S.K.: 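This is the structure I want to talk about, given as C-alpha cells.
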Amino acid sequence: MSRIGRLPIDIPAGVTVSVNGREVSVKGPKGELALTVAQPLEVAVEENQVLVTRPDDERESRSLHGLTRTLLNNNIIGVTEGYSKGLEVVGTGYRVAQKGSSIEFALGFSHPVLIDPPAGITLTVEGNNKVTVSGIDKQAVGEAAANIRKIRKPEPYKGKGVRYAGEVVRRKAGKSGK
C-alpha cells in the first residue's frame, strides 16, 4: 500500500469537499479548486476526512494513488492558506516595478519587459528587486514563477538575472590570465 496514498486528509473548518463522480471540488475561504481523479482510484469523504483508495495493485493504480492524495491535499492547503513563491532580481541596473496588476522588469534588454499575471495569480513587488507570486493553485504559482525566471535566468559568471528566493547560483571562474 502506498505510504502517502493511504493517509487520510483532514478537512479544516471552513472547507467543503464534494465528490461528484470523477470530479472532486474543494471550496474554502480563498476560493475554489477542482480535480479530476484518474480512472481506477476512488475518493470518499468520511467524518471530516478525505480518503483515496485503489481497487487493485496494478502498476498504474499504485503510481496514481499517492499522486492523487497529494494533489487533493495541495488543493485543500491552497484554498485555506494559499501558496507563494519569491523571486529576486540581481544585477546592476536590473529592477522591477509594479504597473497596476502587471509588473515591469528592466533586465538589461533594450526594452522593459511587461508581465501580466495569469488568472488566479497575484504578483506583488517589494522594493525594486523582489517579486512575490501568490495564488491558490500550487501548480499555477510554480509555473508563473518559472516563466518569470525564464526571462533572464541567473548566469554563472556574475550571477545576474532573476532567481528564486534563496536559490544558490553556482559561480564559475572567469578567464584566467597568463
Side-chain angles (χ1 to χ4, degrees), residues 1-88 96 98-105 113-126 130-151 153 162-167:
M1 199 63 167
S2 168
R3 291 186 196 164
I4 293 174
R6 70 174 178 219
L7 297 174
I9 305 168
D10 292 325
I11 302 173
V15 175
T16 58
V17 178
S18 59
V19 181
N20 185 10
R22 295 260 154 243
E23 279 290 316
V24 179
S25 64
V26 180
K27 281 186 189 172
K30 290 193 178 258
E32 181 178 356
L33 290 171
L35 176 71
T36 304
V37 178
Q39 188 54 45
L41 301 176
E42 296 295 325
V43 177
V45 179
E46 297 174 6
E47 303 170 7
N48 254 6
Q49 289 186 332
V50 179
L51 298 171
V52 180
T53 55
R54 66 177 192 238
D56 52 30
D57 279 346
E58 294 294 321
R59 185 187 250 324
E60 188 178 4
S61 301
R62 286 193 327 236
S63 65
L64 290 171
H65 193 193
L67 172 72
T68 303
R69 189 252 181 221
T70 302
L71 291 176
L72 282 171
N73 192 41
N74 287 347
N75 284 357
I76 291 173
I77 292 170
V79 297
T80 53
E81 302 165 22
Y83 289 99
S84 66
K85 214 153 180 69
L87 295 167
E88 298 170 349
V96 63
Q98 188 96 32
K99 299 276 188 201
S101 64
S102 307
I103 55 175
E104 184 180 70
F105 287 94
V113 180
L114 192 69
I115 299 292
D116 295 319
I121 300 294
T122 311
L123 301 174
T124 53
V125 176
E126 298 138 26
K130 288 188 177 19
V131 178
T132 304
V133 181
S134 56
I136 61 172
D137 187 359
K138 186 175 187 176
Q139 191 270 334
V141 168
E143 185 178 358
N147 286 337
I148 291 172
R149 183 179 180 270
K150 203 184 325 181
I151 298 167
K153 288 184 184 174
V162 180
R163 61 176 77 166
Y164 296 119
E167 179 183 2

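The analysis underlying the following values was restricted to heavy atoms, covering all of them including side chains, and did not include hydrogens, waters or symmetry mates. Bear in mind that the values here come from a model prediction, so they are computed numbers and not experimental data.
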S.K.: Determine the minimum heavy-atom distance between Y164 and A145, stating which atoms define it.
M.R.: CE2-CB, 4.0 Å

S.K.: So which atom in K138 and which in N74 form the shortest heavy-atom distance, rounded to 0.1 Å?
M.R.: CD-ND2, 3.7 Å

S.K.: Could you tell me if the side chain of I11 sits less than 4.5 Å from the side chain of V45, heavy atoms only?
M.R.: yes

S.K.: What donor-acceptor contacts under 3.5 angstrom involve side-chain atoms of residues 23-36, with partners at least two apart or in another chain?
M.R.:
unit_1: E23; atom_1: OE2; unit_2: T36; atom_2: OG1; d: 2.5
unit_1: S25; atom_1: OG; unit_2: S18; atom_2: OG; d: 2.7

S.K.: Could you check whether any side-chain heavy atom of Y83 comes within less than 4.5 Å of a side-chain heavy atom of I136, counting everything from C-beta outward?
M.R.: no

S.K.: Write down the atom of D10, the atom of P12, and the distance for their closest heavy-atom approach.
M.R.: O-CD, 3.4 Å

S.K.: Please determine if R22 and E42 form a salt bridge, counting it only when a charged side-chain N lies under 4.0 Å from a carboxylate O.
M.R.: yes

S.K.: What distance separates S63 OG from R54 CZ, expressed to the nearest 0.5 Å?
M.R.: 9.5 Å

S.K.: Using a 4.5 Å cut-off on heavy atoms from C-beta on, say whether the side chain of I151 contacts that of I115.
M.R.: yes

S.K.: If you count every heavy atom of other residues, nucleotides or ligands that lies below 6.0 Å from D56 atom CG, does the total exceed 12?
M.R.: yes

S.K.: Mind checking the CD-NZ spacing from E143 to K85? Nearest 0.5 Å is all I need.
M.R.: 12.5 Å

S.K.: What closest approach, in Å, do I4 and G66 show between heavy atoms, and which atom pair accounts for it?
M.R.: CG2-O, 4.1 Å

S.K.: Could you report the tightest heavy-atom contact between T80 and I76, atom names first, then the distance?
M.R.: OG1-O, 3.0 Å

S.K.: Would a 4.5 Å heavy-atom cut-off, applied to side chains only, mark V141 and I121 as touching?
M.R.: yes

S.K.: Using 0.5 Å steps for rounding, measure from the CD1 atom of I9 to the CG atom of L51.
M.R.: 8.5 Å

S.K.: When you measure from the side chain of Q98 to the backbone N and O of L123, does any donor-acceptor pair fall under 3.5 Å?
M.R.: yes

S.K.: Could you state the interatomic distance from CD (E167) to NZ (K153), rounded to the nearest 0.5 Å?
M.R.: 10.0 Å

S.K.: Can you see which heavy atom on P40 is nearest to which on P55, and at what distance?
M.R.: O-CD, 2.9 Å

S.K.: Using atom types as modelled and distance alone, determine if a side-chain donor or acceptor of R149 lies under 3.5 Å from a backbone N or O of L87.
M.R.: no

S.K.: Does H65 reach the main-chain N or O of L41 with its side chain, forming a donor-acceptor pair under 3.5 Å?
M.R.: no

